[in-house]
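For reference, the structure is listed below as structure tokens.
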Amino acid sequence: VLIKLEHATQDVQAVGHKIGEQNRQIAELEAKLDTKGRLLDEALEKIKGIHEDSTEKTEIKAEDQE
């Protein structure tokens, strides 16, 4: 009975280590996902800014030509 208890305890410890390892991997992946999301948002804002600038310049040139 003591041997079975010892094996069960070792199994529980092994599972605990695996869960901890998976939690670390999940945290790393979430951090990467958050970073990529922020970078995509920044890139989208820059693209919107470039598009708005080019539209404004086109409108100004069209007004100057009239």
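Computed over heavy atoms, backbone and side chain alike; hydrogens, waters and symmetry mates excluded.
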Open item on the list: Is there a side-chain contact between Lys4 and His7 in this structure, where contact means two heavy atoms from C-beta onward sitting under 4.5 Å apart?
Closed with: no
Task: Over 12 non-hydrogen atoms of neighbours within 6.0 angstrom of CG in Leu39 - done: yes
Open item on the list: Applying side-chain contact (heavy atoms from CB on, under 4.5 Å), can you list everything that pairs with Leu29, at least two apart in sequence or on another chain?
Closed with: none
Task: Minimum side-chain heavy-atom gap Thr35-Arg38 below 4.5 Å - done: yes
Task: Spacing of CD1 belonging to Ile47 relative to CG belonging to Leu40, to within rounding of 0.5 Å - done: 9.5 Å
TODO: With rounding to the nearest 0.5 Å, note down the distance linking CG in Asp41 to NZ in Lys46.
DONE: 12.5 Å
- [ ] Supply the members, apart from Val15, of the Ile/Leu/Val/Met/Phe/Trp/Tyr cluster built from side-chain contacts under 4.5 Å; use none for a lone residue.
- [x] Ile19
Open item on the list: Tell me every residue that passes side-chain contact (heavy atoms from CB on, under 4.5 Å) with Arg24, counting only those two or more places apart in sequence or in another chain.
Closed with: Glu21
TODO: Enter the distance from Leu5:CG to Gln10:CD here, rounded to the nearest 0.5 Å.
DONE: 10.0 Å
Task: Distance (rounded to the nearest 0.5 Å) between Glu6 CD and Asp11 CG - done: 11.0 Å
